[in-house]
Amino acid sequence: MRGFLASSTGVTCAAALALPLAPPAAAATSSTPPATSPTARSEAHAPGGTQSLRLAPLARDRAPGTAEQGLRRQDVRQFSLVGVVWDSPATELHGRVEVRTRATATGTWSGWQELETHNADHAADPGTPESASGRVRGATAPLWVGESDGVEVRVRASDAPGTARSGPAAAPLPTGLRLELVDPGEAAPPPTNRARSEAEPSVLPARTALPARTERPARAARQRAEPHAGARPAITTRRGWGADEKLREKGFVYTKKVKTAFVHHSATGNNYRCSQAPSVIRSIYRYHVNSTGWRDLGYNFLVDKCGNIYEGRAGGVSKPVLGAHTLGFNANSMGIAVLGTYSSKKPSSAALKAIARLTAWKVGLYGMNPRGKTYLKSGGGNLYRKGRKVRLNVISGHRDGFATNCPGKQLYAKLGTARSKAAAYQGR
């Protein structure tokens with residue numbers, strides 16, 4: 001998911017009807033401003049929380065922005081996902097971020113693993129309330145490492161693309177570098193008594209038709225008039241994967257419709273079992289909200305390698321929820337992230353089938369043909385200037401809207417198959 005910001009030559013992998021953002025929900029384990037001491041933040045950690053550790057210079061040069069920072073090998077509280085954040089989301093990290101972790105079960109240390117350093121292409125559109133909240137930080141992509149209790153990290157600067165090295169400080173690292181260690185915790189306990197009967201189910205079962213009596217009149221009429229709407233697939237809801245709804249901001253933000261589905265890979269690595277997918281999603285959720293500063297999980301939906309589909313950003317699976325997944329093109333679109341990294345590894349047939357079923361249903365609600373083209377207005381990015389109308393596939397890869405490698409070469413190559421399957425599910 002390496003990418004290039006607007007001022008760079010490359011990076012990885014809009015008229016929105018936005019409601020005012022509510023104040024962030026308080027959370028004992030959420031990330032706090034960089035001024036807070038590492039000691040205080042470690043004490044605030046609890047199962048299902050985030051440890052945030054300030055990085056320090058590893059070389060003799062201890063000046064701010066020194067070219068190598070990190071943490072020596074040390075014991076920490078249990079965590080399962082790692083990432084690195086810094087103060088300004090407008091600052092790009094030119095360099096290499098590597099971590100080593102110690103498995104809780106065996107006590108063995110992993111080899112060095114690299115984090116994707118450019119992640120700004122997954123974000124709210126420029127100028128929106130979410131991007132201008134003052135809480136957003138620069139961040140690497142997160143990496144799932146499984147249950148661990150030891151960590152070592154090193155961040156080494158390199159020259160920015162297109163620049164010539166003029167000395168050791170030619171490419172200083174961003175200020176405020178911190179290591180984020182996320183523990184997904186356990187799934188939220190089921191509601192009891194009256195609350196149980198009123199709560200949403202853990203899984204929305206597949207449905208072949210949308211009964212008119214349960215839908216808004218306008219949607220019911222659209223369903224009757226438009227025969228090309230795929231059946232809704234089974235979807236694990238936020239309750240099903242254990243979302244802590246106190247973490248995200250209250251209220252929901254909607255756009256007008258869903259004209260395009262942008263497919264992503266999460267770049268969190270492929271070393272997970274499908275039974276762990278809810279834990280991976282809870283970890284990404286915490287990282288997006290507490291570490292990166294977004295109002296909620298960035299993606300609208302997530303898919304694991306076994307083909308299970310999960311609800312992402314809150315607001316209703318059938319509604320046009322405004323996400324933070326494709327910088328410049330979040331309005332009138334949805335983001336689907338396949339858990340894993342697909343730069344060299346091929347996605348599973350089950351994951352491709354899930355993308356096809358999900359898009360056949362969701363874009364079908366808005367009369368879109370998965371094999372067709374549509375136009376979206378750019379909110380600003382490194383490929384298209386703000387306000388430009390861009391012709392895109394109804395099922396697009398992240399790289400179609402932003403100069404990025406996301407969703408990885410192997411997954412991107414399979415999107416044609418997903419389009420054909422989705423069209424078939426719509427009866428086209």
Side-chain angles (χ1 to χ4, degrees), residues 1 28-32 34 36-59 62 66-87 93 95-119 137-157 173-186 266-273 276 279-292 339 341:
M1 197 161 34
T29 60
S30 63
S31 295
T32 53
T36 306
S37 70
T39 302
R41 299 195 61 188
S42 178
E43 291 173 352
H45 173 76
T50 302
Q51 301 169 83
S52 187
L53 307 174
R54 193 188 310 274
L55 302 191
L58 295 178
R62 305 185 66 84
T66 188
E68 185 174 8
Q69 296 186 35
L71 290 174
R72 304 295 183 186
R73 184 181 297 190
Q74 62 181 270
D75 298 338
V76 291
R77 296 174 186 256
Q78 183 171 300
F79 66 96
S80 295
L81 179 139
V82 302
V84 169
V85 301
W86 54 92
D87 292 342
L93 194 163
R96 187 180 183 93
V97 178
E98 297 175 304
V99 298
R100 296 182 65 196
T101 57
R102 184 179 61 203
T104 303
T106 64
T108 59
W109 284 85
S110 71
W112 287 104
Q113 301 180 79
E114 188 175 0
L115 277 63
E116 297 286 359
T117 56
H118 299 291
N119 196 43
R137 298 173 181 169
T140 68
L143 178 69
W144 174 262
V145 295
E147 294 184 357
S148 305
D149 58 9
V151 69
E152 182 178 7
V153 61
R154 61 191 184 195
V155 182
R156 293 175 175 172
L173 294 172
T175 60
L177 286 168
R178 306 186 75 92
L179 177 67
E180 302 288 289
L181 305 175
V182 182
D183 176 4
E186 299 297 326
S266 64
T268 46
N270 303 306
N271 189 26
Y272 73 94
R273 301 185 303 275
Q276 294 176 309
S279 294
V280 177
I281 296 170
R282 289 197 303 274
S283 298
I284 295 173
Y285 173 42
R286 287 184 177 275
Y287 187 73
H288 282 184
V289 176
N290 290 343
S291 301
T292 308
L339 296 179
T341 303

Considering all heavy atoms, the nearest Gln74-Trp109 contact: O-CH2, 4.3 Å

Exercise: identify the closest heavy-atom pair between Arg178 and Ser52: NE-OG, 2.9 Å

Residues in salt bridge (Lys or Arg N to Asp or Glu O under 4.0 Å) contact with Arg273, at least two apart in sequence or another chain: none

Flag side-chain contact, heavy atom, 4.5 Å: Leu71 against Arg54: no

Any Val76 side-chain heavy atom under 4.5 Å of Leu53 side chain: yes

Thr292 side-chain N/O to Tyr287 backbone N/O, donor-acceptor pair under 3.5 Å: yes

Trace of the side-chain contact (heavy atoms from CB on, under 4.5 Å) decision for Leu339 with Ile284: CA-CA 10 Å; Leu339 296 179; Ile284 295 173; 3.9 Å; yes

Pairing residues for Tyr285 by the ring pair (Phe, Tyr, Trp, His ring centres under 6.0 Å) criterion, not counting sequence neighbours: Trp241

Arg154 NZ/CZ over Trp112 ring centroid, <6.0 Å and within 45° of normal: yes

Nearest-0.5 Å distance, CG of residue Leu179 to CD of residue Glu152: 11.5 Å

Between Ser279 and Arg282, a side-chain donor and acceptor under 3.5 Å: yes

Set of residues satisfying side-chain hydrogen bond (donor to acceptor under 3.5 Å, both in side chains) with respect to Arg156, sequence neighbours excluded: Glu68

Non-neighbouring partners of Asp149 that pass side-chain contact (heavy atoms from CB on, under 4.5 Å), sequence neighbours left out: Arg102, Thr104

Any Gln113 side-chain heavy atom under 4.5 Å of Thr101 side chain: yes

Side-chain heavy atoms of Arg286 within contact of Leu81, under 4.5 Å: no

Counterpart residues, side-chain hydrogen bond (donor to acceptor under 3.5 Å, both in side chains), relative to Thr341 (two or more places apart): none

Which atom of Leu177 lies closest to which atom of Pro174, heavy atoms considered: CG-O, 3.5 Å

Scan the side chains in residues 138-147 for donor-acceptor partners under 3.5 Å anywhere in the protein, sequence neighbours excluded, and list what turns up.
| unit_1 | atom_1 | unit_2 | atom_2 | d |
| --- | --- | --- | --- | --- |
| Thr140 | OG1 | Val84 | N | 3.1 |

Heavy-atom side-chain proximity of Asp183 to Arg77 below 4.5 angstrom: no

Asn270 atom CG: more than 12 heavy-atom contacts under 6.0 Å: yes

Minimum heavy-atom distance between Trp86 and Thr117, given as atom pair plus value: CH2-O, 3.7 Å

Distance-minimising heavy-atom pair for Glu116 and Ala267: CG-CB, 4.1 Å

Shortest non-hydrogen contact between Ser291 and Thr50, atoms and distance: OG-CG2, 4.0 Å

